[in-house]
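Working notes, structure below.
Given the structure is predicted, the values throughout are model-derived calculations rather than measurements.
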Amino acid sequence: MIDEKGSFRDPAGKIFYKENRVFRRLSSKGVERFLALKESGIIAHSISKGFLIGTKEITNEEIDKNNGEELILEHDKIPYISYPYEWSFSQLKKAAIFHLDFHLFLLENNATLIDASAYNVQFVGSKLKFIDVLSIQKYNEGEYWKGHKQFCENFLNPLVLKSKKGIKFNNWFKGNLEGIETNELNNLLSIFDKLSYNIFVHVHLLNKIEEKYTSKKTLEPIKKNKNKISKKNLMAMLSQLKSFISGLKDHKSVSTWDGYSTNNSYSNEDKNKKIDFVSKFCKENNFDLMADLGCNDGEYSNLCLKNGCKKVIGFDFDINAINKAFLNASKKNLDFLPLYFDAANPSSNIGWYQNERKGFIERANFDGLIALAFEHHLAIGKNIPLDDVVRWLVSLAPVGLIEFVPKEDETIKKMLEFKGDIFPIYTQANFEKYLLESSEIISKDVVSRSGRTIYKFKRD
């Protein structure tokens, strides 16, 4: 059994893994909460409506025959766990609306959410699932929204930051796992921005309240507000917030690779060679989980799905391309999840004991890999030694395709105009040498007149 260290904060239950299955061991507090929810029917109802991850109750005898007393839940496994700082604007927006819809659904059924963590919402392809069953509890009339502050920091503030100021929330969010603090956002917003009712209430006024309590130099406990809020008014607030978020527009800026799939250096003949090579590779393997590094708007990810791959996770540094890829995947209901990704500075192990949120490498459980027109962005664009780039790519999957772009290619020539040719080891001969050091080269095919070559490797 392997414990999920990211679930340590929950006193009601802990996640662990066994034989590629996901389980949750409940404490006495968790058992009490779960059984009450089960008896009310809200668990089954939430699953049937598509909100909650598939969850079933088992006895501990199925896990440990020496102890059959504990209550264990088994959950459907998410193919790839992603984090909000890896999502585009449209992905975070969809997740925020999903969270509010689920909370409204629960309130209609006399239940509520005790928190509003964005990490409790996960993408399965372009669809969403809520994964923390113990964040649900019975609703008590008059109780306030316990997760209000957390919802603002995890969902609302990052969306407002991007929509109103055009600032990417991703790296900011990654630097603070709790999201974007309200006082930080409030300081960035103009008076004109705060004329919006929802921004005034959920950002400006919330910041004033936080400042009020922070500035009190006393050890006396804060007196709880005795004023209660009716369920009707709580639902109205959530609905109004949903309407506001639904109307937020992405403030886009010009990006380097936006539109690359239709504006690149490939001729039609070159592109068809590439398409044929990738299609054949996918048909031969029928991958369960494929990684597409440098996925751009998802053109080749979609090609993989059409040719036998069950699921594809795409990675790209261009946030506009990721957003476009996600909107297209949602429209076509594809099992494709594009994520924001800086290969030179990928998500690392962070949080408590640097174990709370897993890094990219720790989550890299891919069956196959395609890295098309990608390696030179690291080796030339980021000055990362070619042998390191090749070794890293091969480590991500047991089999894959890597496209090598030679110095004779127009793209490389343009990159070298700014830096000069300071890359003596960047040669095709060295690329092959490094690839052979950690894998077997199954085949190689030239796919462009400039000499771009796709290598099929199989790891030793």
Side-chain angles (χ1 to χ4, degrees), residues 1-11 13-25 53 75 77-88 91-92 95 115 117-124 129 131-132 135 150 153-155 158 168-181 289-295 311 313-317 319 322 337-367 369 371 374 377-378 382 384-385 388-398 438 459:
M1 292 185 291
I2 301 174
D3 291 332
E4 172 52 70
K5 296 179 181 179
S7 69
F8 74 96
R9 294 181 189 272
D10 191 352
K14 300 291 187 289
I15 295 290
F16 67 95
Y17 309 101
K18 185 177 182 181
E19 297 174 351
N20 207 33
R21 296 162 69 188
V22 183
F23 302 95
R24 189 188 303 262
R25 179 179 284 107
I53 191 76
H75 302 296
K77 187 176 181 182
I78 300 293
Y80 187 86
I81 295 292
S82 62
Y83 301 133
Y85 45 83
E86 298 169 333
W87 300 344
S88 70
Q91 287 171 309
L92 185 61
D115 57 34
S117 172
Y119 299 97
N120 287 340
V121 177
Q122 284 294 319
F123 283 93
V124 180
K129 293 292 179 182
I131 63 170
D132 188 4
S135 285
Q150 191 175 38
E153 292 180 343
N154 279 214
F155 291 107
K168 278 194 309 187
F169 57 78
N170 305 82
N171 292 334
W172 195 333
F173 204 144
K174 185 167 68 169
N176 179 11
L177 291 183
E178 300 303 321
I180 295 177
E181 295 180 9
L289 187 64
M290 164 76 82
D292 181 1
L293 294 184
C295 68
K311 307 174 190 69
I313 311 298
F315 301 91
D316 204 284
F317 180 74
I319 198 67
I322 288 297
L337 175 60
L339 297 171
Y340 172 73
F341 177 72
D342 180 357
N345 182 29
S347 297
S348 56
N349 293 337
I350 50 180
W352 177 247
Y353 258 75
Q354 293 181 278
N355 281 317
E356 192 172 353
R357 304 299 171 198
K358 295 177 182 177
F360 170 75
I361 292 294
E362 285 68 24
R363 290 175 286 153
N365 60 336
F366 309 111
D367 305 309
L369 166 79
F374 179 80
H377 292 295
L378 293 176
K382 296 289 187 177
I384 297 175
D388 280 353
V389 173
V390 173
R391 194 180 304 113
W392 176 73
L393 287 171
V394 171
S395 73
L396 299 179
S438 52
R459 198 166 61 204

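Applying the ring-ring contact (aromatic ring centres under 6.0 Å, His included) criterion to Phe155, with sequence neighbours excluded, gives His99, Phe151. Here Ser7 pairs with Glu4, Lys14, Ile15 under the side-chain contact (heavy atoms from CB on, under 4.5 Å) rule; sequence neighbours left out. With sequence neighbours excluded, no residue forms a side-chain hydrogen bond (donor to acceptor under 3.5 Å, both in side chains) with Asn154. Every side-chain contact (heavy atoms from CB on, under 4.5 Å) that Asn170 has, sequence neighbours left out, goes to Lys168, Ile319, Tyr340. Partners of Pro385 by side-chain contact (heavy atoms from CB on, under 4.5 Å), not counting sequence neighbours, listed by chain and number: Asp387, Asp388. Not counting sequence neighbours, the partners of Trp392 by the side-chain contact (heavy atoms from CB on, under 4.5 Å) test are Leu293, Phe341, Ala343, Phe360, Ile361, Phe374, Leu378, Ser395, Leu396. Looking at residues two or more places apart in sequence or on another chain, you find a side-chain hydrogen bond (donor to acceptor under 3.5 Å, both in side chains) between Ser82 and Trp87. With sequence neighbours left out, the side-chain hydrogen bond (donor to acceptor under 3.5 Å, both in side chains) criterion links Asp115 to Asn120, Ser135. Scored by the side-chain hydrogen bond (donor to acceptor under 3.5 Å, both in side chains) test, Arg459 finds no partners at all (sequence neighbours excluded).
The shortest non-hydrogen separation linking Leu369 to Ala397 is CB-CB, 3.8 Å. Contact between Pro158 and Leu92 at its shortest, heavy atoms only, is CB-CD2, 3.6 Å. Residue Ile384 comes nearest to Ala344 through the heavy atom pair CD1-CB, 4.2 Å, listed as atom of the first residue, atom of the second, then distance. The two residues Ser117 and Gln150 make their nearest non-hydrogen contact at N-OE1, 3.4 Å. The shortest non-hydrogen separation linking Ile322 to Ser88 is CG2-CB, 3.9 Å.
Between Val389 and Lys382, the closest side-chain pair of non-hydrogen atoms is not below 4.5 Å. Looking at heavy atoms from C-beta onward, Asn345 lies in side-chain contact with Lys174 at the 4.5 angstrom threshold. Between Val121 and Pro84 the shortest side-chain heavy-atom distance does not fall below 4.5 Å. No side-chain heavy atom of His75 sits less than 4.5 Å from a side-chain heavy atom of Lys129.
Ion pairing between Asp132 and Arg24 holds under the 4.0 Å rule for side-chain N and carboxylate O. Arg357 and Glu86 are not joined by a salt bridge, as no carboxylate oxygen comes within less than 4.0 angstrom of a charged side-chain nitrogen.
Annotation: the span from Phe366 atom CZ to Met290 atom CE amounts to 10.5 Å, rounded to 0.5 Å. Annotation: the span from Asn355 atom CG to Phe8 atom CZ amounts to 9.5 Å, rounded to 0.5 Å. The CD1 atom of Ile313 lies 4.5 Å from the CG atom of Leu337; values are rounded to the nearest 0.5 Å. Rounded to the nearest 0.5 Å, atoms CG (Leu339) and SG (Cys295) are 8.0 Å apart. One distance of note links CD of Glu153 with CD of Glu181; it measures 6.0 Å at 0.5 Å rounding. One distance of note links CZ of Arg363 with CG of Asn349; it measures 9.0 Å at 0.5 Å rounding.
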Is there a side-chain contact (heavy atoms from CB on, under 4.5 Å) between Asp292 and Phe315? Walk through the geometry before answering.
CA-CA 6 Å; Asp292 181 1; Phe315 301 91; over 6 Å; no

Let's go through Ile81 and Tyr119 carefully: what are the C-alpha distance in whole Å and the side-chain angles of both, what is the deciding distance for side-chain contact (heavy atoms from CB on, under 4.5 Å) to 0.1 Å, and is it a yes or a no?
CA-CA 9 Å; Ile81 295 292; Tyr119 299 97; over 6 Å; no

Could you go through the side-chain contact (heavy atoms from CB on, under 4.5 Å) check for Ile78 and Val124 one step at a time?
CA-CA 7 Å; Ile78 300 293; Val124 180; 3.7 Å; yes

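Ring to ring, Phe173 and Tyr83 are not that close: their centroids are 6.0 angstrom or more apart.
Within 6.0 Å of atom CD in Gln354, 12 or fewer heavy atoms from other residues, nucleotides or ligands are found, so the atom counts as exposed in its surroundings.
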